[in-house]
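The structure under discussion appears below in the form of structure tokens.
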Number of protein chains: 2
Amino acid sequence: MLWGLRPLEPKAAYGLAVDLLQRQIHSGLLLPQERLPAERQLSDKFGISRVTLREALRVLETNQYISVRRGAQGGAFVSDQDRLSQLARRRISRAPAASMRVVEYLVVNQTAAARFAARRRGPAELKKMREALALMRNADDAPRRKQAETLFLLAVADGAQNALLSRGVEDALAELFLPFETAPEAQSVAETVAVYQRLHDALDAENLDDVEGAMDVLNARLWGAIRRITRSAA
Amino acid sequence: MLWGLRPLEPKAAYGLAVDLLQRQIHSGLLLPQERLPAERQLSDKFGISRVTLREALRVLETNQYISVRRGAQGGAFVSDQDRLSQLARRRISRAPAASMRVVEYLVVNQTAAARFAARRRGPAELKKMREALALMRNADDAPRRKQAETLFLLAVADGAQNALLSRGVEDALAELFLPFETAPEAQSVAETVAVYQRLHDALDAENLDDVEGAMDVLNARLWGAIRRITRSAA
DNA sequence: TTTCATGGATCAGAAACTAAACCATTGCGG
DNA sequence: CCGCAATGGTTTAGTTTCTGATCCATGAAA
């Protein structure tokens, strides 16, 4: 018997572009106020026409993810930190339970990926982790720290050499859209960096116990963050 | 910075229909030789035109997933058991490593889902599991047993009340496409049913230890199955 | 043999997308 | 101050995909 017959929902090309850009903003890969490539270049990269790309930009602008300015030095700019944090909080408080489930999924797949990565990570992934660590140390604001964390976690996921797990982690990070940390204390930041460093070292040394220990700390911090937000929103 | 800029790949409507039907054949929900609904009805359910649906059927026919017959009592019929098993083996032996990774992903998410389900499963999911068990007991051939197993596992995944985990399990089951068991011994079949029964009982009783025990057995059987296939293919 | 539910084929029109041009705005260097 | 050059904004003609409808062809069952 055929199961779950529901109308198909073909995604228009402009919708795919919206999703891709939105996901990168959610996961922090695109920084606040960052300028996107010119329309002609972006549409080229995406393999879609400029008209279609512009539809996508219009949607993102409407949803306050970007703003578009004309003229030389114009272009599409990611919204600023406060606006994005506001969007993130709104998204979470609209459906707090859903965000908890995303964290659940992220923790499950991220932890599994890290365990596999302890055996399978290659030099390329370790290098990406070190680069992310360097970014994290040099970062002087919350967005750059978030970006570096995302890059680190994606590198760990890639280390598992399992495309489905990588996609799962990527999806979860894109779905989450946590607001930027407020009032970052120097000590807390240093502690976070230390945990990622510990995870890198454990993966480098193929020390499974330490990998799990570091992941437990990261997962606990993640749960703490999401709980803090859902509480303050209530 | 923008990361991973690649050409977008808009999926045409007919492609979505192909995927949906192919996935249900892979996971065993659609039985061999089963007749699909008439084109006019199917296109209606999918919310696409009949012409577009027919494109999808043509693709599936080309790939030997179905065959189409004309006339009264005609229609699109899922290929027979041997043909499907052949397709499945071919798919696995083309990329054995990929199939192992799918199993990995399935085990990770299925196990996590079962753990959550131990606390969250509702009466609806328990009922679906019992119905699947009944199907499994009454099944007198491999396809029906596979169908019942899939239905049971999907019910467990739903019990976790986490849409992302459910989707992960569903994706993995659809991606796997295991051939039907050959030479089924009555004892082995009875043992399998017993394990699913044990999993149901454990979920019903919220007995987490027993849930994990049953899942371990199921996961081990899954690993055994995929290893047996990849070996015989080599 | 007739019936009729089914797949097969065709066509006009709608919707999405493309390619290419041209216009409007604006910062920057001369 | 002006004009260049890079950018977004707009228009148009044409292609591709999908739709909705109609009619034809087949073949099992009554």
Side-chain angles (χ1 to χ4, degrees), chain A residues 1-2 5-22 25 30 33-80, chain B residues 1-2 5-22 25 30 33-80:
Chain A
M1 193 200 299
L2 261 180
L5 278 188
R6 53 189 185 277
L8 302 175
E9 295 173 7
K11 260 259 148 112
Y14 82 93
L16 296 180
V18 168
D19 285 352
L20 193 151
L21 294 170
Q22 214 169 13
I25 293 175
L30 273 170
Q33 304 193 295
E34 180 170 350
R35 190 190 137 173
L36 298 182
E39 291 181 353
R40 289 167 177 83
Q41 298 170 43
L42 246 193
S43 61
D44 225 46
K45 297 270 189 191
F46 285 162
I48 62 181
S49 75
R50 206 181 139 213
V51 181
T52 302
L53 172 71
R54 283 172 53 73
E55 287 186 70
L57 295 181
R58 206 57 61 220
V59 172
L60 290 168
E61 193 177 29
T62 301
N63 292 342
Q64 307 200 302
Y65 279 86
I66 63 173
S67 61
V68 179
R69 294 200 283 279
R70 289 198 286 185
Q73 314 305 316
F77 294 82
V78 177
S79 297
D80 63 32
Chain B
M1 195 199 300
L2 259 180
L5 276 188
R6 53 187 188 280
L8 301 175
E9 294 174 6
K11 265 257 157 105
Y14 83 92
L16 296 179
V18 169
D19 285 352
L20 193 150
L21 294 170
Q22 214 170 12
I25 293 175
L30 274 169
Q33 306 193 295
E34 181 170 350
R35 192 191 133 171
L36 299 183
E39 292 181 352
R40 291 168 176 81
Q41 298 169 43
L42 248 193
S43 61
D44 222 48
K45 297 271 190 192
F46 284 162
I48 62 181
S49 75
R50 205 181 138 213
V51 182
T52 302
L53 173 71
R54 282 169 55 72
E55 287 187 69
L57 295 181
R58 208 56 62 219
V59 172
L60 290 168
E61 193 178 28
T62 302
N63 292 342
Q64 306 199 301
Y65 279 87
I66 64 173
S67 62
V68 178
R69 294 200 282 278
R70 290 200 285 184
Q73 311 306 315
F77 295 82
V78 177
S79 297
D80 63 32

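Please read these numbers as outputs of a predicted model, since none were measured by experiment. A note on names: the letters A, B, ... follow the listed sequences, proteins ahead of strands, and every chain is numbered from 1. Values below: all heavy atoms of this structure, side chains included; hydrogens, waters and symmetry mates excluded.
The CZ-P distance, from A:Arg54 to C:dA21, rounds to 18 Å in whole Å. Rounded to whole Å, atom C1' of D:dT17 lies 16 Å from atom NZ of B:Lys11. Atom OH of B:Tyr14 and atom C1' of D:dT19 are 17 Å apart (whole Å). Following rounding to the nearest Å, A:Glu39 (CD) and C:dT25 (P) show an atom-to-atom distance of 16 Å. Distance A:Phe46 CZ to C:dC17 P: 14 Å, rounded to the nearest Å. Rounded to an integer number of Å, the gap from CG of A:Leu42 to P of D:dT7 is 12 Å. One can place CZ of A:Arg35 at 11 Å from P of D:dA6, the figure rounded to the nearest angstrom. Rounded to whole Å, the distance from CD1 on A:Ile48 to P on D:dT16 is 19 Å.
Both B:Gln41 and A:Gly15 lie near DNA chain C, and the one whose nearest nucleotide falls closer to the 5' end is B:Gln41. Heavy-atom nearest nucleotides on DNA chain D were determined for B:Arg40 and for B:Gly47, and the one closer to the 5' end corresponds to B:Gly47.
Checking C:dA20, C:dA16, C:dG7 against the side-chain heavy atoms of A:Val51 singles out C:dA20 as nearest. Looking at the side chain of A:Arg50, the nearest of the listed nucleotides D:dT10, C:dT18, D:dG27 is D:dT10. You'll find that the side chain of B:Arg70 is closest to D:dT26, out of C:dA5, D:dT26, D:dA5. Candidate nucleotides C:dC17, D:dA28, C:dA20 were compared by shortest atom distance to the side chain of A:Glu55, and C:dC17 ranks first. Nearest nucleotide to the side chain of B:Ala72, out of D:dA5, C:dC17, C:dC4: C:dC4.
Counting only heavy atoms from C-beta outward, the side chains of A:Lys11 and B:Lys11 never approach each other to under 4.5 Å. The closest side-chain heavy-atom distance from A:Leu53 to A:Phe46 is below 4.5 Å.
For the pair B:Thr52 and D:dC18, the criterion of a side-chain N or O lying under 4.0 Å from OP1 or OP2 is not met.
A donor and an acceptor atom never sit less than 3.5 Å apart when one is taken from the side chain of A:Arg69 and the other from the base of C:dG27.
Pairing each heavy atom of B:Leu16 with each of A:Pro10, the nearest pair is CD1-CA, 3.3 Å.
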Can B:Arg58 and B:Glu55 be said to form a salt bridge (charged side-chain N to carboxylate O under 4.0 Å, His left out), step by step? CA-CA 5 Å; B:Arg58 208 56 62 219; B:Glu55 287 187 69; over 6 Å; no
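Of the listed residues (A:Leu21, A:Leu36, A:Val78), just one forms a side chain to side chain contact (heavy atoms under 4.5 Å, CB included) with A:Leu60, and that residue is A:Leu21.
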